[in-house]
Novice: 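Just passing along the structure, written as structure tokens.
Residue numbers start from 1 in every chain, and the chains themselves are labelled A, B, ... in the order their sequence lines are given, proteins ahead of strands. Keep in mind it's a predicted model, so treat the numbers as computed, not measured.
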2 protein chains.
Amino acid sequence: MKKHQITIVDIARQLNISKSTVSRVLTGHPSVSEKTKEAVLKLANELDYQRNMLAINLMSSQSHTIGIIVPEFVTSFFPMVIMGAQEVASQAGYNVLISQSNESYETEVANAKVMLDNRVDGVLVSLTRETRNYDHLKVFQRKGIPIVFFNRVCDDMQVPKVVVDDYEGAFKAVEHLILTGRKRIAHLGGPTSLHISKKRLEGYKDALRKYNQPIDPGLILDYDLNLDKVKIYIKHLLDLPEPPDALFTINDPTAFEAMIFIKAKGLKIPEEIAVVGFSNNYGSTLIEPRLTTVAQPTHEIGQVAARLLLDQINSDASEWKPIYRVLKTELLVRGSS
Amino acid sequence: MKKHQITIVDIARQLNISKSTVSRVLTGHPSVSEKTKEAVLKLANELDYQRNMLAINLMSSQSHTIGIIVPEFVTSFFPMVIMGAQEVASQAGYNVLISQSNESYETEVANAKVMLDNRVDGVLVSLTRETRNYDHLKVFQRKGIPIVFFNRVCDDMQVPKVVVDDYEGAFKAVEHLILTGRKRIAHLGGPTSLHISKKRLEGYKDALRKYNQPIDPGLILDYDLNLDKVKIYIKHLLDLPEPPDALFTINDPTAFEAMIFIKAKGLKIPEEIAVVGFSNNYGSTLIEPRLTTVAQPTHEIGQVAARLLLDQINSDASEWKPIYRVLKTELLVRGSS
DNA sequence: CCACAACATGGGAACGTTCCCATAAACGCC
DNA sequence: GGCGTTTATGGGAACGTTCCCATGTTGTGG
């Protein structure tokens, strides 16, 4: 059981003034005499008074908390985004309630419910790879709670979104492969339900088109991002009568798995097959050869998304605009290509 | 501005019953007639009623939230621990408020304050590398809020702690190096203020002693975990008149940096110098050669710590015991040794 | 010296729950 | 049929704030 907590009433009683006055001092209200202000501050400090956010939250009907729902946080991408968001949020006096959906639709739904129960003031979401139904997220809109998507966004909802230029990033990656003489560039993409998968695939195709290279459907595969399956797809590609001489993957972890398999097969990277990833995850400079990849401004994604969310929190719902922010990527050419 | 929220009073009014009864239905209190129960449940569902945790929290003087303070979460270690803790916590109906101290003492202090303001029901802490003063954490004890340390623990406080057997892990790592014929094993350790640094150093020394190898102080370095400095220390070691033929580092990220530098110098790993890390971070199987390391049961650390914390939350402060849980490590021998 | 503004303070409702206590009805039981 | 017991319900305080409104007190200008 908890001990008695010091409240403003305790302070008021000891100083023989009303709790209103104490509250005024503590919230910095101007109309209170210098003398009482000092006395209150002094006693509050002595008693080790700590404001009770539980009461403030109820009173203000605000939790001063924003929720973040991400599919996972073991690879470095989402943690970095969260860092950026957390910075902005805590500077504005908001806490961050993080939850992982573990790439499971059901967990995402459950997490959304928790956020709702806890009356988060807004929510940042990056979808799971299997989310097809968005009812659990539309609830936020219905209840007037702002929502901002990042990275894995929902095309169905008219709300702010923060993404990187996946199309351009993929285009640059593939263009780079073409310009370094690759003739058969394979693409191991993500689930077609994800916006990012589509955009990256488009960039891949358009780069080939621009340089008049044939688009061979046999070199384009999409998979569910379950890393264990990567080697199956890579094996398939390598076993083709005309195997690819380059590989562009949906993300870095996929590229890592692919490289490990390719190296185990005894093929030389980049001589026999070049590999390019996406995201510049932790590990891309560890693997050998170092992975060429499309860097995303992770930290900035988090910051921008959090700022958009705070803007909505601090404005009337009628003013909300479905701003679509596209951040730039950067191609980092390293040893694998 | 928020729209009107559906409350139990709304439900009560519409059904012409008291809010007490509605509350009873919603909390599953037995003494309420089947008929009213049904009606309430039906209407609550229709109106899309959502309980307001803000009110419940104030009423119960519990935030139903546990705080976690970690030094960082970009390397995979802490995210994994957090995952374990989050699992246990959310199963028990608790939220998790995560904050990063970024290895900064001041941020750790500020984070602790936020936790206190928000009346977390308990807190899980892993210290920064620079924390020497524990007043900001002792406040929790004083206020009757349970605290559990993990990984980077505080020797000064009599509270539950969850660690791995750093001593034994280090011992096994160094023993392995000795048994594979290494004669001059260097150790790049962490700051001596950290408990884990001391324990791992002890394990290192005792392994050497057991096999009658000399302990050469010139081969033992400690640093502040700022990865940028690793190459300076490694350079120093390699430039010694009698350079080491093996290196045992305080953790994996340090080992990665060391390996990159060593490889750049043209030395062969493991032939000319073997490397062993600690923690089995993400990336240890990416780097080449794959890093031999001491695996920690990260997920389990989080689970165990969260359970110890919940046990305290649900029991009287007088029953709290400073349980010290030591989990087993496992030596993973891979290519780097 | 009086009217009126500016300042300092107090009182109490409100936020949405839970929970204790009271009350009324229904139900045996001898 | 009266009495104690169970069952279903209502009333209202409490949690710790904030904030509106009221009240008193001081100061200022004509």
Novice: Kindly list each side-chain donor-acceptor pair under 3.5 angstrom involving residues 37-44 of chain B, sequence neighbours excluded, with atom names and distances?
Specialist:
unit_1, atom_1, unit_2, atom_2, d
B:K42, NZ, B:E46, OE2, 3.3

Novice: Can you tell me if B:N118 uses its side chain to pair, donor with acceptor, with the backbone of B:V120 under 3.5 Å?
Specialist: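 Absent.
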
Novice: For B:I56, which contact category applies under a 4.0 Å heavy-atom criterion: base, sugar-phosphate, or nothing?
Specialist: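 Contact class for B:I56: sugar-phosphate only.
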
Novice: Can you establish whether the number of heavy atoms outside A:K113 located under 6.0 Å from its atom NZ is more than 12?
Specialist: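 Yes, the 6.0 Å shell around NZ holds more than 12 heavy atoms from other groups.
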
Novice: Return all side-chain donor-acceptor pairs below 3.5 angstrom for residues 65-86 of chain A, not counting sequence neighbours, or 'none' if the list is empty.
Specialist:
unit_1, atom_1, unit_2, atom_2, d
A:T65, OG1, A:S63, O, 3.0
A:E72, OE1, A:V74, N, 2.8
A:E72, OE1, A:T75, N, 3.1
A:E72, OE1, A:T75, OG1, 3.3
A:E72, OE2, A:T75, OG1, 2.7
A:S76, OG, A:Y282, N, 2.8
A:Q86, OE1, B:Q100, NE2, 3.4
A:Q86, NE2, B:I98, O, 2.9

Novice: Could you check whether any side-chain N or O of A:S33 sits under 3.5 Å from a backbone N or O of A:T36, counting only pairs where one atom can act as donor and the other as acceptor?
Specialist: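 Flag set: sc A:S33 to bb A:T36 pair under 3.5 Å.
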
Novice: Only pairs at least two apart or in different chains count here, so list each salt bridge (charged side-chain N to carboxylate O under 4.0 Å, His left out) that has a residue in residues 95-107 of chain A.
Specialist: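 Qualifying pairs: A:E103-A:R152.
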
Novice: Using the side-chain contact (heavy atoms from CB on, under 4.5 Å) criterion, which residues pair with A:D48? Sequence neighbours excluded.
Specialist: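 Here the qualifying residues are B:R142, B:K143.
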
Novice: So, the side chain of B:T21 versus the backbone of B:I17: is there a donor-acceptor pair under 3.5 Å, distance only?
Specialist: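 No: the side chain of B:T21 does not pair with the backbone of B:I17.
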
Novice: Please report the closest heavy-atom contact between B:P160 and B:I147, naming both atoms and the distance.
Specialist: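 Closest pair (atom of B:P160, atom of B:I147, distance): CD-O, 3.7 Å.
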
Novice: Let me know the distance between CD1 of A:I11 and P of C:dT9, rounded to the nearest Å.
Specialist: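 After rounding, the gap between these two atoms is 15 Å.
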
Novice: Within the 3.5 Å criterion, strictly below it, is a donor on B:N57 or A:N57 matched to an acceptor on the partner's side chain?
Specialist: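 Distance-only check fails for B:N57 and A:N57.
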
Novice: On DNA chain C, nearest-nucleotide positions of A:H29 versus A:L58: which is more 5'?
Specialist: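 Residue closer to the 5' terminus by nearest nucleotide: A:H29.
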
Novice: Between the protein and nucleotides 23-25 of chain C, which nitrogen or oxygen pairs are less than 3.5 angstrom apart?
Specialist:
none

Novice: Output all residues satisfying side-chain contact (heavy atoms from CB on, under 4.5 Å) with B:V88, sequence neighbours left out; order by chain, then residue number.
Specialist: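 Listed in chain order: B:Q303, B:A306, B:R307, B:L310.
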
Novice: Roughly how bent is the helix from C:dC1-D:dG30 to C:dC30-D:dG1 end to end, in steps of 10 degrees, with each end axis from five pairs?
Specialist: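 For the helix from C:dC1-D:dG30 to C:dC30-D:dG1, the axes at either end differ by 50°.
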
Novice: Under a 3.5 Å cutoff, is there a donor and acceptor pairing between the side chains of A:N102 and A:S104?
Specialist: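 No.
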
Novice: Please identify each residue that fulfils ring-ring contact (aromatic ring centres under 6.0 Å, His included) with A:H136, with sequence neighbours left out.
Specialist: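 In terms of ring-ring contact (aromatic ring centres under 6.0 Å, His included), with neighbours along the sequence ignored, A:H136 is linked to A:Y105.
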
Novice: Under 4.0 Å from any atom of DNA chain C, heavy atoms only: list the residues of residues 33-41 of chain A that qualify, in numerical order.
Specialist: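 Output list: A:S33, A:T36.
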
Novice: When we call it a touch if two heavy atoms are under 4.0 Å apart, what does B:T27 touch: a base, just sugar-phosphate, or nothing?
Specialist: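 The residue B:T27 makes sugar-phosphate contact but no base contact.
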
Novice: Can you list, by residue number, the residues of residues 13-23 of chain A that have a non-hydrogen atom closer than 4.0 angstrom to DNA chain D?
Specialist: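 Listed by number, they are A:K19, A:S20, A:S23.
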
Novice: Can you list everything that forms a side-chain contact (heavy atoms from CB on, under 4.5 Å) with A:D135? Sequence neighbours excluded, please.
Specialist: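 With neighbours one apart ignored, the set is A:N133, A:K138.
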
Novice: Check every nucleotide of DNA chain D for an atom under 4.0 Å from a heavy-atom of chain B, then give the first and the last such nucleotide from 5' to 3'.
Specialist: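 Both ends considered, the range comes out as D:dA8 to D:dG16.
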
Novice: Indicate yes or no for a side-chain donor-acceptor contact from B:K161 to the backbone of B:V148 under 3.5 Å, with no hydrogens or angles considered.
Specialist: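 Not confirmed, B:K161 side chain does not pair with B:V148 backbone.
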
